[in-house]
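Excluded from the calculations below are hydrogen atoms, water molecules and symmetry mates; all remaining heavy atoms, backbone and side chain alike, are included. Positions are given from 1, in the same order as the sequence printed here.
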Amino acid sequence: MALSVSRRLLRSFGSVLASGSCDSPSILYPSFRASHGVIFSSEESSAVPKGWSSSYAYRRLSTLTRESSGGAIPSDLLSKKPVVASEHKIGNYQDLVIPVTNFHNEEKGLMVLPGDVFDVPIRKDIVHRVVLWQLAKRQQGTHSTKTISEVSGTGRKPWNQKGTGRARHGTLRGPQFRGGATMHGPKPRSHAIKLNKKVRRLGLKVALTARAAEGKLLVFEDLEIPTHKTKNIVNYVKQMENTKKVLVVDGGPISDKLKLATQNIHYVNVLPSIGLNVYSILQHDTLVMSRDAIDKIVERMHTPINR
């Protein structure tokens with residue numbers, strides 16, 4: 001998969017190329033696609049420069065801006081391999097760097113995505129199991145039919161046992177009569193199936209990796225919009241290429257302006273980071289996440305599983 005870099009990003013990498021950190025400057029291309037970013041080595045990305053927050057060291061997640069990097073990515077975050085690779089194979093657990101923007105298409109720096117969350121091997125079987133688990137668990141299970149003890153009607157014997165020439169019956173509430181009971185019918189129950197937490201977590205990682213590899217993962221500085229007008233969101237979505245449905249994910253509670261701006265658009269849905277799931281990602285071809293949402297998702301993926 002060819003990776004491309006814009007001229008603005010080339011200028012930010014100028015000092016890195018001059019210092020010899022990148023051995024093959026000829027593999028840089030003139031345009032940049034979101035999520036086709038600079039590849040970091042997982043071993044080297046755990047180092048955090050002086051003055052950076054210790055929380056990023058714990059999450060192995062670093063945020064790079066032009067001000068903090070001084071126009072170049074810190075050298076201790078770079079691996080000995082070429083910084084920009086012409087081809088990137090999915091599933092190597094390599095950290096990815098993608099640009100950060102906003103609704104006004106303004107550059108807000110770069111962000112490092114951990115490879116153990118956004119670059120895992122694609123497992124269709126895992127995604128299939130997680131989707132089945134989600135759809136089964138969300139079923140209400142309120143279906144119910146009446147048994148012979150619940151159906152309305154008298155308990156009197158309809159006619160004598162012998163002498164009428166008719167078949168013998170003891171009640172009119174049996175399943176063979178109109179308006180009678182239903183035998184072995186559905187009753188309220190849970191349709192949920194068991195799925196290990198490791199498998200659920202891996203399914204979300206695979207879905208995020210797929211969107212990042214397709215170039216359909218966009219990172220925003222924040223999701224603040226000037227007004228609650230729907231036309232602002234509509235105009236932004238029109239600027240996206242090959243986009244039919246968009247899922248917007250914020251780190252915390254969704255702002256009132258964003259709710260009002262998207263509630264009448266059937267192809268734009270908004271979720272908090274705590275509600276991000278595999279099925280919703282698969283239903284939308286483009287995933288827009290705020291910087292805070294990615295931080296919380298990575299922290300959730302790195303949290304030990306309680307047994």
Side-chain angles (χ1 to χ4, degrees), residues 1 3 33-37 39-40 42 59-61 87-98 111-141 190-220 237 240-251 266-290 293-307:
M1 183 184 301
L3 303 180
R33 300 286 294 180
S35 83
H36 291 172
I39 301 173
F40 277 69
S42 299
R59 304 176 192 175
R60 296 178 64 252
L61 178 66
E87 292 186 359
H88 169 55
K89 295 183 180 180
I90 304 174
N92 290 334
Y93 299 95
Q94 291 179 320
D95 295 353
L96 303 176
V97 175
I98 65 175
M111 189 168 193
V112 180
L113 303 181
D116 57 352
V117 177
F118 293 90
D119 190 27
V120 301
I122 299 298
R123 293 281 304 274
K124 293 183 180 180
D125 58 321
I126 295 296
V127 174
H128 179 253
R129 292 176 61 185
V130 175
V131 170
L132 288 183
W133 170 76
Q134 280 191 238
L135 296 182
K137 190 175 179 61
R138 79 175 187 177
Q139 282 187 301
Q140 292 183 354
S190 172
H191 291 266
I193 58 178
K194 183 180 181 300
L195 190 64
N196 293 339
K197 292 181 180 179
K198 284 186 177 181
V199 180
R200 295 183 235 163
R201 180 173 291 187
L202 180 59
L204 184 56
K205 292 180 180 180
V206 171
L208 293 173
T209 298
R211 286 293 174 260
E214 295 168 352
K216 293 294 186 177
L217 174 62
L218 306 179
V219 179
F220 281 14
V237 175
M240 297 182 180
E241 297 180 358
N242 302 324
T243 298
K244 295 182 179 180
K245 291 192 72 175
V246 180
L247 179 62
V248 182
V249 182
D250 201 358
H266 68 276
Y267 51 86
V268 178
N269 293 310
V270 184
L271 280 177
S273 62
I274 192 64
L276 184 62
N277 59 87
V278 175
Y279 190 64
S280 296
I281 295 177
L282 297 181
Q283 282 187 315
H284 301 78
D285 54 18
T286 302
L287 182 61
V288 177
M289 301 180 67
S290 66
I294 288 186
D295 288 347
K296 291 187 176 180
I297 288 295
V298 172
E299 183 178 4
R300 192 171 86 187
M301 294 295 102
H302 290 166
T303 302
I305 297 177
N306 295 326
R307 298 186 182 276

Can you give me the closest heavy-atom contact between [X] and [Y], atom names plus distance?
X      : Y      : result
Val298 : Pro114 : CG1-CG, 3.8 Å
Thr303 : Glu299 : OG1-O, 2.6 Å
Val127 : Gly203 : CG2-O, 4.5 Å
Ile193 : Trp133 : O-CD1, 3.1 Å
Met289 : Leu217 : SD-CD1, 3.8 Å
Val199 : Val130 : O-CG2, 3.6 Å

Is it true that a side-chain atom of [X] and a backbone atom of [Y] form a donor plus acceptor pair closer than 3.5 Å?
X      : Y      : result
Asp95  : Gly115 : yes
Asn277 : Gly275 : yes
Arg200 : Leu195 : yes
Lys296 : Gly251 : yes

Verdict with reasoning, Gln283 to Asn269, per side chain to side chain contact (heavy atoms under 4.5 Å, CB included):
CA-CA 10 Å; Gln283 282 187 315; Asn269 293 310; over 6 Å; no
NE2 of His191: more than 12 outside heavy atoms within 6.0 angstrom?
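Yes, NE2 of His191 has more than 12 neighbouring heavy atoms, counting only those of other groups under 6.0 Å.
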Could you tell me whether Lys245 atom NZ has more than 12 heavy atoms of other residues or ligands within 6.0 Å of it?
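Atom NZ in Lys245 is packed in, count exceeds 12.
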Quick one: pull up CG in Leu132 and OH in Tyr279 and give me the separation to the nearest 0.5 Å.
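Interatomic distance, Leu132 CG to Tyr279 OH, rounded to 0.5 Å: 10.5 Å.
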Got a second to check how far Gln94's CD is from Asp119's CG, nearest 0.5 Å?
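Between atom CD of Gln94 and atom CG of Asp119 there are 6.5 Å.
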Working note: Val278 + Val206, criterion side chain to side chain contact (heavy atoms under 4.5 Å, CB included); need CA distance, chi angles, decisive distance, verdict.
CA-CA 9 Å; Val278 175; Val206 171; over 6 Å; no
Using a strict cut-off of less than 4.0 Å between a Lys/Arg side-chain nitrogen and an Asp/Glu carboxylate oxygen, indicate whether Arg211 and Glu214 qualify as a salt bridge.
yes
Would you kindly say whether Asn196 and Lys194 are connected by a side-chain donor-acceptor distance under 3.5 Å?
yes
Report the C-alpha separation of Val117 and Arg300 in whole Å, then their side-chain angles, then the decisive distance to 0.1 Å, and conclude whether the side chain to side chain contact (heavy atoms under 4.5 Å, CB included) test is met.
CA-CA 10 Å; Val117 177; Arg300 192 171 86 187; over 6 Å; no
With side chain to side chain contact (heavy atoms under 4.5 Å, CB included) as the test, would you mind laying out the steps for Met301 and Leu208 before giving the verdict?
CA-CA 12 Å; Met301 294 295 102; Leu208 293 173; 5.7 Å; no
